[in-house]
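Everything on this sheet refers to the single structure shown next.
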Amino acid sequence: MEVWVVLAIVSVVAAAVVYFLWPKAKHVNIKTFPRKFPDEKGIETSYYDVIVVGAGPSGSTLGYYLGNLGRKVLLLEKKKFPRDKYCGDAVCKTGIEILHEMGVYEELIRDNKAHIADWGGMVSPSGLSYIGRSHEELGKIPGALACKRILLDEAIARAAQRAGANLVEESPVQDAKFDKSTGLWTVTIEDSETTYQGRVLVCADGATSKLAIQLGLVKQAPQGSCSRAYVEGGTHKFNADGVLFYHKSLLPGYAVLFRHPNDVLNYCIYLIPGNPLVTNDDLAYWHEHLKKNDPNISKALGKNFKIERMRAGSLRIGGEPLTYGDHVLVIGDAAGMTDPMTGEGIHTAMDSGRIAAHLLDEAFAVGNFDSAVMAEYQNRWMENFGSDFSWSMKICQITYRYPILLDAATAAVARKGDRFLARWADIMTGRVPKVHLLRPEFVIVITFELIVLLLKRLFGMKSPEPKESSREKTE
C-alpha cells in the first residue's frame, strides 16, 4: 500500500510542477492597436477581405466561419472537386464537433460517407493488445470517424460556399505580392492573367506549402510521411473499426487499419521523425513489409484481401515556429499542425481555421493587420493544441528508446477496460493534453504493469494472449 501512496504523491507533484512551470502563451489585446484601415464589413469593394489559398479542411473551415461572420472571403483551390488527398482519413473529436457546427457531420453519416469508430484499440510492440468500445464512454460525440478525403474535403468546402465564401476551383496560385502602400495582396493564378486582391492572405496549401515557403514563413521541408491503400470490402478478416499496430523497429511510427463505410479499410503506415534508422525513403518498404510479415496485420487482412496500390503523402509535424506576418497567416498542414505522436492533423487543421477566422474578424473590427496583431493567432493555436506537440515529441523519443512503455500502456488498458481506453483515446487524439499522462490514474496503473512485465521478462514468463472487451460487438 505504501508504494501506491508514494507513486500517487510523486505523480501529482510532477503534474503540478509541470503545469505551473510550463510556459503559457502571452496574449495580445488587439483592441489597443491603432486603426490603419476602415472596417468595410457589408460594403462593396473591388477586393476581398481574405484570400485563402487552399480549400482543404483548414482553409474551408476558415472560409465557413468568416463567411458566417459576414466577411468577404475567396477560397482558391488548385484542383476541381472532388479531388483526393492521401492520408489516414481519421477525423478526431474536435474536428467532429466542427463538422457538427457546420451541419456536415449529419450529411456525411446520412449519405454513408463516414464511419464512426467505436470498436478499436492497439497492438503493442511485443504483441499485447486490447480491442474495446469507446463510444459509450465518450458520449454523443465519438472519439473519431473515418471519411475519405475525396468526400470530406468537398463537403467542408461546400459548407464554406453555403456560408458565403466564394470558392474558385482549378486555380493554382503562382505568386502573391503585398503592396504596403495600399495594404493589399495581389494573387496571380498560374498560366493565366487572372489576379485577385485581398486585405489578408492565408496560406492553407498543404504540408508542402509552396506559398508559405515562397513568402519565407516556412523554411523546412516536411519531416514525416504516410502511406494509404484501400482494402476492398468483404475481402478481409478485420472486424474492428480502428487498430494501431506498433512495431518495435518502426517506432515512433506505426501502422493502422481504419474501417470506412461498406466494409472498406484504409491501411496506412505513419513514419514519424525520431528513429534514425527509418527515413521517408523507407515508406514503401514498411508498407509492404508489415502487410506481409506482421502477424497481427496479416491476420486482420486474411489471405484473400484485395488492396489498391500504395499512395503517399507528406507530413509537416509539430507546428511551425512562425505562422504569421503582416497581413498573412499560415494554417493547417502548411503550418505543420500535425501531432508528432500520432500523425493526425485533420482536427487540428480545422481548429486552426476556426481560430484564425475569429482572430481575423477581430482584426477587421480594429482595422489593423500588422505582424504584432497577427501574432495573437499563434498564441491562440499554441494554447489550444500547439504546446501539446512538445509533449508528443518527448513521448515519441521515450517510446522509441523504451518500447516496453507501450507494452505497459497496452496492458494497463487491457486491465482497466473500456473506460480507461476512452480516456487514453482522448489523450492520443489531442482532446486532452498529453500532460494528463502524469495523472495518478495513468501513472500508477502503467507503472504497475511495467513492473509486472519486467518481472515476467526477468523470470522468462510469457505474456497473456491478446484481449478484447468483455462486451460483444454488435454488427
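Side chains are part of it too, since the values below use all heavy atoms of this structure and drop only hydrogens, waters and symmetry mates.
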In this structure, which one of K434, R316, R431 forms a salt bridge (charged side-chain N to carboxylate O under 4.0 Å, His left out) with D339?
K434
Could you give the side-chain donor-acceptor pairs of residues 245-257 under 3.5 Å, partners two or more places apart or in another chain?
unit_1, atom_1, unit_2, atom_2, d
H247, ND1, S249, N, 3.2
Y254, OH, T342, O, 2.3

Y230 and D89: side-chain hydrogen bond (donor to acceptor under 3.5 Å, both in side chains), yes or no, with the steps?
CA-CA 11 Å; Y230 292 127; D89 297 337; 2.6 Å; yes
Any side-chain heavy-atom pair from [X] and [Y] closer than 4.5 angstrom?
{"X": "M428", "Y": "M341", "value": "yes"}
{"X": "L215", "Y": "V330", "value": "no"}
{"X": "C268", "Y": "C226", "value": "no"}
{"X": "V53", "Y": "K78", "value": "no"}
{"X": "E106", "Y": "H100", "value": "yes"}
{"X": "Y48", "Y": "N166", "value": "yes"}
{"X": "M122", "Y": "L128", "value": "no"}
{"X": "H236", "Y": "I307", "value": "no"}

Do the side chains of [X] and [Y] get close enough for a salt bridge, i.e. N-O under 4.0 angstrom?
{"X": "R380", "Y": "E383", "answer": "no"}
{"X": "K219", "Y": "E320", "answer": "no"}
{"X": "D418", "Y": "R133", "answer": "no"}
{"X": "D49", "Y": "K72", "answer": "no"}
{"X": "R83", "Y": "D153", "answer": "yes"}
{"X": "K85", "Y": "E154", "answer": "no"}
{"X": "K416", "Y": "E449", "answer": "no"}

Rounded distance (nearest 0.5 Å) linking atom [atom1] of [X] with atom [atom2] of [Y]:
{"X": "R415", "Y": "Y130", "atom1": "CZ", "atom2": "OH", "answer": "13.0 Å"}
{"X": "S60", "Y": "I156", "atom1": "OG", "atom2": "CD1", "answer": "6.5 Å"}
{"X": "I317", "Y": "Q220", "atom1": "CD1", "atom2": "CD", "answer": "10.0 Å"}
{"X": "L74", "Y": "S171", "atom1": "CG", "atom2": "OG", "answer": "8.0 Å"}
{"X": "F369", "Y": "L329", "atom1": "CZ", "atom2": "CG", "answer": "10.5 Å"}
{"X": "I51", "Y": "L76", "atom1": "CD1", "atom2": "CG", "answer": "6.5 Å"}

Minimum-distance pair of heavy atoms, taken over all atoms of [X] and [Y]:
{"X": "R199", "Y": "H327", "value": "O-ND1, 2.9 Å"}
{"X": "I141", "Y": "K93", "value": "O-CE, 3.3 Å"}
{"X": "D388", "Y": "V435", "value": "OD1-N, 4.4 Å"}
{"X": "I446", "Y": "A412", "value": "CG1-CB, 3.9 Å"}
{"X": "H436", "Y": "F442", "value": "O-CD1, 3.2 Å"}
{"X": "A155", "Y": "L108", "value": "CB-CD2, 4.0 Å"}

For the backbone of I269 and the side chain of S227, can you confirm whether one donor and one acceptor N or O come within less than 3.5 Å of each other?
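Pair found, side chain donor or acceptor close to backbone of I269.
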Quick one: does D241's side chain have a donor or acceptor within less than 3.5 Å of a partner on D118's backbone?
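Looks like yes, one N/O pair under 3.5 Å.
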D175-T188 side chain donor-acceptor pair, cut-off 3.5 Å:
no
Please determine, by modelled atom types, if D407 and S126 share a side-chain donor-acceptor pair under 3.5 angstrom.
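Yes, a side-chain donor-acceptor pair sits under 3.5 Å.
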Parallel, tilted or perpendicular: which describes the rings of W286 and H289, with under 30° parallel and over 60° perpendicular?
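Aromatic pair W286/H289 classed perpendicular.
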Could you give all pairs that pass the salt bridge (Lys or Arg N to Asp or Glu O under 4.0 Å) test and reach residues 265-279, with sequence neighbours left out?
none
With a sphere of 6.0 Å drawn around CG of N112, does it hold more than 12 non-hydrogen atoms of other residues, nucleotides or ligands?
yes
Measure centre to centre between the rings of W424 and F420, then say whether the value is under 6.0 Å.
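Between W424 and F420, the centre distance exceeds or equals 6.0 Å.
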